[in-house]
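One structure is given here, and the rest of the page talks about it.
Lettering follows sequence order; numbering is per chain, from 1. As the structure is a computational prediction, the values presented were derived from the model and not from experiment.
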2 protein chains.
Amino acid sequence: MKQLSTRFSVAVHALSLIALYKEDCTGDFIAGSVNTNPVIIRRIMGMLKKAGLVDVRPGVGGASLRKDPNQISLLEVYRAVNVTERDRLFRIHENSNIHCLVGRNIEHVLQAELNDAQTLMEQRLAQTTIGQLVDRFTK
Amino acid sequence: MKQLSTRFSVAVHALSLIALYKEDCTGDFIAGSVNTNPVIIRRIMGMLKKAGLVDVRPGVGGASLRKDPNQISLLEVYRAVNVTERDRLFRIHENSNIHCLVGRNIEHVLQAELNDAQTLMEQRLAQTTIGQLVDRFTK
DNA sequence: CACCGTTGTAACCATTATAGTTCTAAGTCG
DNA sequence: CGACTTAGAACTATAATGGTTACAACGGTG
């Protein structure tokens with residue numbers, strides 16, 4: 001992979017629309033703003049629904065937030081759309097040669113470092129909410 | 001992508017070996033410790049060479065470091081092996097509808113947040129050196 | 001010089017993730 | 001019922017990854 005999936009930014013986009021317009025945010029409307037296919041939006045909305053962030057059900061048009069926009073952090077959205085496997089950004093090669101000093105220890109030692117780095121990134125995402133972003137859109 | 005390429009961890013592994021054993025670190029030897037194909041190692045060594053981190057030339061076996069292991073940060077290695085496109089971890093969907101308030105602003109506003117998060121992660125990687133890791137392997 | 005081990009790299013493959021499309025089924029409400 | 005919507009299966013094209021085989025070129029040694 002070269003970059004993380006756009007599912008994350010699309011999800012933020014969708015949630016912002018719902019927070020801002022509240023009503024009549026159908027999949028087609030969101031798709032029109034994101035400029036993509038409605039099915040892409042439905043897939044992402046399904047993930048957000050599973051994560052308990054939105055309310056959306058068949059038949060009735062228009063999704064709604066299940067939490068105050070100021071209580072939805074970017075980290076929650078990031079986690080909801082599964083951009084990384086088992087919430088691990090970095091991947092470490094496996095099956096290193098255990099008869100080698102480096103091979104025997106690298107996974108454990110490196111994992112600690114990478115976890116720290118990842119955590120700092122996530123903590124930053126946790127500090128910003130959908131509500132804050134929406135405020136910035138509207139002024 | 002689900003996770004970043006193992007090129008990064010493999011590169012750290014290779015540099016650690018060279019720092020530790022200094023001599024006779026041929027591609028085959030490194031491949032044996034990493035437990036992968038020598039061509040994979042050669043590809044990565046080529047990237048590290050291009051980044052000025054190692055010295056390796058055809059014919060003669062055994063790579064060497066061009067800098068003190070304590071002067072090689074994990075961030076340098078991370079950048080050297082190109083795990084992300086144009087050094088951007090996050091990808092934001094493009095071509096949002098500019099006639100929509102959210103579509104018009106999301107890229108700019110979200111990019112600022114994601115850059116901050118990425119920078120924190122990278123700063124953490126910059127704090128650790130190959131030398132420090134090697135010290136941890138040997139005790 | 002010839003040989004052998006090495007690096008450099010092209011070419012190819014299997015696997016996987018992504019983003020997108022088409023299509024169908026089913027729910028909701030006027 | 002009919003119009004609109006969500007849900008999701010199935011399929012496609014594209015791209016990155018990790019791996020493999022093969023071969024050319026280099027360098028030191030006998």
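- Close to C:dA19, at under 4.0 Å from its OP1 or OP2, lies a side-chain N or O of A:T6.
- In this structure, B:I30 atom CD1 and C:dT6 atom P are separated by 12 Å, rounded to whole Å.
- Between A:H93 and B:H13, the ring planes are tilted. Angles from 30° to 60° get that label.
- Per the geometry, CD1 belonging to B:I18 stands 15 Å off P belonging to C:dT6, to the nearest Å.
- Side-chain contact check for A:Q3 and B:T84: no donor-acceptor pair (N or O, by modelled atom type) lies under 3.5 Å.
- Residue order along DNA chain C, read from the 5' end via each residue's closest nucleotide, puts B:M45 first among A:R42 and B:M45.
- The residue B:V56 sits close only to the backbone: its heavy atoms come under 4.0 Å of sugar-phosphate atoms, none of a base.
- Remark on DNA chain D: of its neighbouring residues A:G59 and B:E85, the 5'-side contact belongs to A:G59, judged by nearest-heavy-atom nucleotide.
- Straight-line distance from the CG atom of B:L4 to the C1' atom of C:dA17: 14 Å, rounded to whole Å.
- Relative ring orientation between B:F90 and A:F8 is described as tilted, the plane-to-plane angle lying within the 30° to 60° band.
- Distance check, rounded to the nearest 0.5 Å: CD1 of B:I41 to CG of B:D28 gives 9.5 Å.
- Two residues, A:I40 and A:R57, neighbour DNA chain C, and the one matched to the more 5' nucleotide by heavy-atom proximity is A:I40.
- As rounded to whole Å, 10 Å separates atom P of D:dA16 from atom CD of A:Q3.
- Residue B:R43 places a side-chain atom within donor-acceptor reach of the base of D:dG19, judged by atom type and a 3.5 Å distance cut-off alone.
- Using a 4.0 Å heavy-atom criterion, one finds that A:G62 contacts the sugar-phosphate atoms exclusively.
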